[in-house]
Undergrad: 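Quick one: the structure is below, and I'll ask about it shortly.
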Number of protein chains: 2
Amino acid sequence: MTQELSPNIQDYLKRIYEITSSGGKASTSQLAETLGISAASVTNMLQKLSKTQPPYVTYQKHQGVKLTEAGRLAALKILRRHRLIEHYLVQKLGYTWDEVHQEAEILEHAMSPLLESRIDAALGYPTVDPHGDPIPDADLAISGVDHIALSRLAVGKHGTITRVPHEDPQVLRYLGKCGLHPGAQIQLLARTPYDQTMRVLILESGEEVVIGPSLGGQIDISET
Amino acid sequence: MTQELSPNIQDYLKRIYEITSSGGKASTSQLAETLGISAASVTNMLQKLSKTQPPYVTYQKHQGVKLTEAGRLAALKILRRHRLIEHYLVQKLGYTWDEVHQEAEILEHAMSPLLESRIDAALGYPTVDPHGDPIPDADLAISGVDHIALSRLAVGKHGTITRVPHEDPQVLRYLGKCGLHPGAQIQLLARTPYDQTMRVLILESGEEVVIGPSLGGQIDISET
DNA sequence: GGTTAAAATTAGTCTAACCTAAATTAGCTT
DNA sequence: AAGCTAATTTAGGTTAGACTAATTTTAACC
Ligand SMILES: [Mn+2]
Ligand SMILES: [Mn+2]
Ligand SMILES: [Mn+2]
Ligand SMILES: [Mn+2]
């Protein structure tokens, strides 16, 4: 447990954390799909991660995995680095928010504790990354924000965007162009019954955007 | 040649460059020693690097290796990243010059072309790293400074330090404490005949330091 | 309760990079 | 010229982490 985990294992644990953070287990096929690795390889790795001392996941055949406490801490450690890097690249090196995820996916594995703390300090100990995701603090405590998916907001209600999906650069460029970034005030104007498409008013610009249900499910709002 | 080389290979090429930059070839045992890898493994890798398309080294059994042009460019690319990172950590994140080599040894492999150019710009396109080593420019052109080793300076002569050894943190902390950094003005007061130990006057502080011949051989001076 | 499709696992390979032990070669000394 | 030693190479093996193909299990449906 003391020695560094391999970059591959770090990515597995991080992904399991992301999949299970809203409850439940991570399945072999979910991991295979999102990590871009064959299901057979994932099974292999999950069995290995469940047999380490201490184990990082609890694994039962055909039942998917959950993180153990050791696994959760390892995942939060790398998640903290990932999000600090994203924030740093935007704040200090002029990156746009669609460029940072890919960079952070690599750099997170090359970051020493010293670099982590220097970057944290240089940013003034930030609590959220450019996409609105919370950054675990140095003790790996993570703030649970209470939010609701845009797709569940009642029609007519006002809200503030707290979080957007962070992986797909195309989506991020689109959202950025619309002004749909964390902190933006919006009002849900309408939701069509048939396909659940939403019309959203962006208060700052007065413009109206159309958001489909799958994207709307990945955007978080705090009601106001 | 287009695809990225592995971190291991990058380190091999960088080390071959460093060893051969003052002419000659790099031997298996030199590489094994300085990379901390067994000689058998080094032989293996050298044979592999000589059989790629294009080859990165010219290898003849028992004769050591030299870099090909492709190998030289690959080495300079990673050396540029290494030195940019070192400079950035010192300038922007408050690192001391003895802490940066180890960090850069890892980060150099995780640096994208975009990050490289952003850091380069943020630093104002620097030409030397914290230890006085030249940073290849974006086209991998590297400036050949004319310098002489401190151990070859004539007694009584004045000079400016241009470069110090960069790997050993202990040595660097000692040099830093003495004020022996690139740019420092010195005068060589004496060299004992028997063991070639040197007495060096640091003009800025007026203090005197004793430098042994092996360290003196790794410190470069431009005569003034 | 049996059929079936999807999901997961097992079995068998592969590559990159390392290792140790054994064999060979180069280069120096007598 | 032969012998010795240090350097190098070869041979054989390991580990991490991936792959494909074949098999097994689950879960849903009739
Ligand atoms: Mn990653
Ligand atoms: Mn993010
Ligand atoms: Mn390196
Ligand atoms: Mn340096």
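To find a chain, count down the sequence lines: A is the first, B the second, and so on, and within it residues start at 1.
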Undergrad: Output the distance between atom CD1 (I219(A)) and atom CG (L153(A)), rounded to the nearest 0.5 Å.
TA: 11.5 Å

Undergrad: Just the rounded figure in Å: distance from C1' of dA7(D) to CD of Q63(B).
TA: 11 Å

Undergrad: Atom NE2 of H109(A) and atom CG of L107(B): how far apart are they, to the nearest 0.5 Å?
TA: 13.0 Å

Undergrad: With respect to R81(B), which candidate in E108(B), E86(B), E116(B) satisfies the salt bridge (charged side-chain N to carboxylate O under 4.0 Å, His left out) definition?
TA: E116(B)

Undergrad: For a salt bridge (charged side-chain N to carboxylate O under 4.0 Å, His left out) with R163(B), tell me which candidate from D133(B), D146(B), D129(B) qualifies.
TA: D133(B)

Undergrad: Nearest-Å distance, CG (N8(A)) to P (dT15(D))?
TA: 18 Å

Undergrad: Which whole-number value in Å describes the distance from Y12(A) OH to dG17(D) C1'?
TA: 8 Å

Undergrad: Distance check needed: dT25(D) P versus H62(A) NE2, whole Å only.
TA: 7 Å

Undergrad: Please determine whether a side-chain nitrogen or oxygen atom of K61(B) lies at a distance below 4.0 Å from atom OP1 or OP2 of dT10(D).
TA: yes

Undergrad: Under 4.0 Å, heavy atom to any atom of DNA chain D: which of residues 24-51 of chain B qualify?
TA: S27(B), T28(B), S29(B), A39(B), A40(B), T43(B), Q47(B)

Undergrad: Kindly write out the residues that satisfy ring-ring contact (aromatic ring centres under 6.0 Å, His included) with H166(A), not counting sequence neighbours, or none if the list is empty.
TA: H101(A), H131(A)

Undergrad: Would you say the side-chain atoms of N8(B) and S6(B) include a donor-acceptor pair closer than 3.5 Å?
TA: no

Undergrad: Given atom CD1 of I9(A) and atom C1' of dA18(D), what is their separation to the nearest angstrom?
TA: 13 Å

Undergrad: Nearest whole Å is fine: how far is dA16(C) P from L5(B) CG?
TA: 12 Å

